[in-house]
2 protein chains.
Amino acid sequence: MLQVTDVTDVAADADCCTPLTRETIDADRAEDLARKLKALADPTRLRLVSIVAASEGEEACVCDLIEPVGLSQPTVSHHLRILMEAGFLSRSKRGTWAYYKLVPGALGQLSQLLDVTASR
Amino acid sequence: MLQVTDVTDVAADADCCTPLTRETIDADRAEDLARKLKALADPTRLRLVSIVAASEGEEACVCDLIEPVGLSQPTVSHHLRILMEAGFLSRSKRGTWAYYKLVPGALGQLSQLLDVTASR
DNA sequence: GCCGAATATTGACAACCTTCGATATAGTCG
DNA sequence: CGACTATATCGAAGGTTGTCAATATTCGGC
């Protein structure tokens, strides 16, 4: 009940958002939620998000991400693109470098959708 | 904050739990988290969880789940097994019927892991 | 304008996932 | 016991995913 206002905010948001439960989720929203979860459901991508989140300004350069995850540069780029398309990261180029940054609230919003069931 | 006690519970729990961020997640925990997320990252399984969660006692019989999702009985059984192995549902047989029930706190725990980034 | 460096895209391949029909298992009621 | 019903398992088909090497693109410096 603490979340009533948040919930409404969230409902006004882009492409999602009303509780996962109580009323059963409809097929379209399930599809949408699944797409976001799928973007996170990979160990490498979780590590990328985590590293970015722990970096200065919640932002990191591709060149700093390749070595920690131990995969090829194209593979890392691929994962970053998926995370961006799912709305978890945003990209900004500065010179030759590409910086990926956490989209504020994206993880929290997803988290709330899952939490609803648990919080009642 | 209402959930402080839950949080400690959860921290004492099986195979997970410390923030997704600040300290970067290690490969093992990423693997583990990814496995759970992957179990949820399917539209059909989200709908199954949702229907179960919205049912009396957060529990539903397989026979009641087949028609709503519109897939074959073996397919539904398969998805339920995945959700069970990931720790989101538990099964209890009563006579010929199999009842799947939400595991209390499982979704909430996952939710918290994601939320950490957002909450700081 | 050209060269080198950082990132993105493409194409290919193996592994895995979702789904189904067919079949096996387990439990109920005559 | 035997037929029926509910659920699980198996095997196969088609689609999707993660990964890499090779290549394209974009940008800064000489």
Student: Return a single string for nucleotides 17-30 of chain C, one symbol per nucleotide in 5' to 3' order, where B is base contact, S is sugar-phosphate-only contact and - is none, cutoff 4.0 angstrom on heavy atoms.
Tutor: -SBBBB----SS--
Student: Once you round it to whole Å, what is the distance between P of C:dA5 and CD1 of A:Ile66?
Tutor: 14 Å
Student: Looking at B:Tyr100, I'd like to know whether one of its side-chain N or O atoms comes within less than 4.0 Å of OP1 or OP2 on D:dA8.
Tutor: yes
Student: Using the salt bridge (Lys or Arg N to Asp or Glu O under 4.0 Å) criterion, which residues pair with A:Glu31? Sequence neighbours excluded.
Tutor: none
Student: So, A:Asp32 and A:Arg35, do they make that salt bridge, N to O below 4.0 Å?
Tutor: yes
Student: Under 4.5 Å side-chain heavy-atom separation, chaining through any Ile, Leu, Val, Met, Phe, Trp or Tyr, what else clusters with A:Trp97? Say none if it is isolated.
Tutor: A:Tyr99
Student: From CG of A:Leu80 over to P of D:dT17, roughly how many Å is that when rounded to an integer?
Tutor: 17 Å
Student: Specify the separation, in whole Å, of atom CZ of A:Arg47 and atom C1' of D:dT19.
Tutor: 15 Å
Student: Checking B:Thr96 now: which residues fulfil side chain to side chain donor-acceptor pair (under 3.5 Å) with it, not counting sequence neighbours?
Tutor: none
Student: Would a 4.5 Å heavy-atom cut-off, applied to side chains only, mark A:Leu80 and A:Arg91 as touching?
Tutor: no
Student: Report the distance from atom CZ of A:Arg81 to atom P of D:dT17, rounded to the nearest whole Å.
Tutor: 11 Å
Student: Please list, for nucleotides 11-13 of chain C, all pairs of protein and nucleotide N/O atoms separated by less than 3.5 Å.
Tutor:
none

Student: To the nearest angstrom, how far is A:Leu48 atom CG from D:dG18 atom C1'?
Tutor: 13 Å
Student: Provide the closest heavy-atom pair for B:Ile51 versus B:Pro68 in the form atom of the first, atom of the second, distance.
Tutor: CD1-CB, 3.7 Å
Student: The criterion is salt bridge (Lys or Arg N to Asp or Glu O under 4.0 Å); which residues satisfy it with B:Arg81, sequence neighbours excluded?
Tutor: B:Glu85
Student: Please find the pair of heavy atoms, one from A:Ser111 and one from B:Leu114, that lie closest to each other, and give the distance.
Tutor: CB-CB, 4.1 Å
Student: How many angstroms lie between atom SG of B:Cys63 and atom CD of B:Glu67, to the nearest 0.5 angstrom?
Tutor: 11.0 Å
Student: Between B:Arg91 and D:dA8, is there a side-chain N or O to OP1/OP2 distance below 4.0 Å?
Tutor: yes
Student: Could you give the CG-to-P distance, from A:Leu40 to D:dT17, as a whole number of Å?
Tutor: 15 Å
Student: Over how many whole Å does the gap from B:Glu31 atom CD to C:dC16 atom P extend?
Tutor: 12 Å
Student: What is the distance, rounded to the nearest whole Å, between atom CG of A:Asp64 and atom P of C:dA5?
Tutor: 17 Å
